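Report on one structure; see the data block that follows.
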Amino acid sequence: QVQLVESGGGLVQAGDSLRLSCAASGRTLSSFIMGWFRQAPGKEREFVASISRSGGSQHQIDSVKGRFTISRDNAKNTVYLQMNGLKPEDTAVYYCAASRRATLTSTLGEYAYWGQGTQVTVSS
């Protein structure tokens, strides 16, 4: 079992940056593929980015490439999402999640553990 807690969300203006953190307890995060998802009002939860167990491989959706960077510090049991050049369409609740899969995945159902989410609001 692993517990995930996100932090770092907030209200910012378009073009600003935020860094989300996801701290884990219960088990070491190095055992998991980690992902970030987001859910905007009235929309389904969507995949944003994932990172391999070692941190050597990452995958992002096209709409955030060049703006968002996922990283991890296994010694601190923490995963990050650095978000630069934020746009109003990035407004959503952001969730981190842990998957037992051995390879990167963007499939929501393959993530077994979820945090409670942190709100990101980008004003124009």
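Note that this is a predicted model, so its numbers are computed, not measured.
- Under the side chain to side chain donor-acceptor pair (under 3.5 Å) criterion, Tyr94 pairs with Arg38, sequence neighbours left out.
- Sorted by first and then second residue, the salt bridge (charged side-chain N to carboxylate O under 4.0 Å, His left out) pairs involving residues 50-64 (not counting sequence neighbours) are Asp62-Lys65.
- Identified under the ring-ring contact (aromatic ring centres under 6.0 Å, His included) test for residues 98-124, with sequence neighbours left out: Phe32-Tyr113, Phe37-Tyr111, Phe37-Trp114.
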Let me see the working for Leu104 and Ser52 under side chain to side chain contact (heavy atoms under 4.5 Å, CB included), right down to the final yes or no. CA-CA 6 Å; Leu104 295 178; Ser52 63; 4.2 Å; yes

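- No single ILVMFWY cluster, assembled from side-chain heavy atoms under 4.5 Å apart, contains both Ile70 and Val5.
- Linking ILVMFWY residues whenever their side-chain heavy atoms come closer than 4.5 Å, directly or via other members, leaves Tyr80 and Ile61 in distinct clusters.
- The structure places CD of Gln82 at 8.0 Å from OG of Ser71, a figure rounded to the nearest 0.5 Å.
- Atom OG in Ser50 sits 7.0 Å away from atom CD1 in Ile33 (nearest 0.5 Å).
- Expressed to the nearest 0.5 Å, how far OG of Ser123 lies from CG of Leu86 amounts to 10.5 Å.
- Under the side chain to side chain donor-acceptor pair (under 3.5 Å) criterion, Ser31 pairs with no residue at all, not counting sequence neighbours.
- The distance from atom CG of Leu4 to atom CG of Leu29, rounded to the nearest 0.5 Å, is 6.5 Å.
- Shown here are the side-chain contact (heavy atoms from CB on, under 4.5 Å) partners of Arg67, two or more places apart in sequence or in another chain: Val64, Lys87, Asp90.
- Taking the side-chain contact (heavy atoms from CB on, under 4.5 Å) definition, one finds that Ser25 meets it with Gln3, sequence neighbours left out.
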Run the side-chain donor-acceptor check on residues 8-24: report pairs under 3.5 Å with partners two or more places apart or on a different chain.
from, atom 1, to, atom 2, distance (Å)
Asp16, OD2, Gln13, N, 3.1
Ser17, OG, Asn84, OD1, 2.9

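- In this structure the side chain of Val48 never reaches within 4.5 angstrom of the side chain of Gln60, judged on heavy atoms.
- For the side chain to side chain donor-acceptor pair (under 3.5 Å) test, residues two or more places apart in sequence or in another chain that qualify with Thr121 are Gln119.
- Here the closest non-hydrogen pair linking Glu6 and Gly117 is OE1-N, 2.9 Å.
- Listed by first and then second residue, the disulfide (SG to SG under 2.5 Å) pairs that reach into residues 49-79 come to none, sequence neighbours excluded.
- Among residue pairs with one or both ends in residues 48-75, those qualifying as ring-ring contact (aromatic ring centres under 6.0 Å, His included) are Phe47-His59; sequence neighbours excluded.
- Of the possible donor and acceptor atoms, one in the side chain of Thr91 sits under 3.5 Å from a partner among the backbone N and O of Val122.
- Atoms CD and OG, on Glu46 and Ser106 in that order, are 11.0 Å from each other to the nearest 0.5 Å.
- Listed by chain and residue number, Arg72 satisfy the side chain to side chain donor-acceptor pair (under 3.5 Å) test with Asn74 (two or more places apart in sequence, or in another chain).
- With hydrogens and angles ignored, the 3.5 Å screen pairs no side-chain donor or acceptor of Gln39 with any backbone N or O of Glu44.
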Would Tyr95 and Gln116 count as a side chain to side chain contact (heavy atoms under 4.5 Å, CB included) if you check the C-alpha gap in whole Å, the side-chain angles of each, and the deciding distance to 0.1 Å? CA-CA 7 Å; Tyr95 299 88; Gln116 83 290 347; 6.0 Å; no

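- Considering only residues two or more places apart in sequence or on other chains, Arg101 meets the side-chain contact (heavy atoms from CB on, under 4.5 Å) condition with Ser99, Thr103, Thr105, Glu110.
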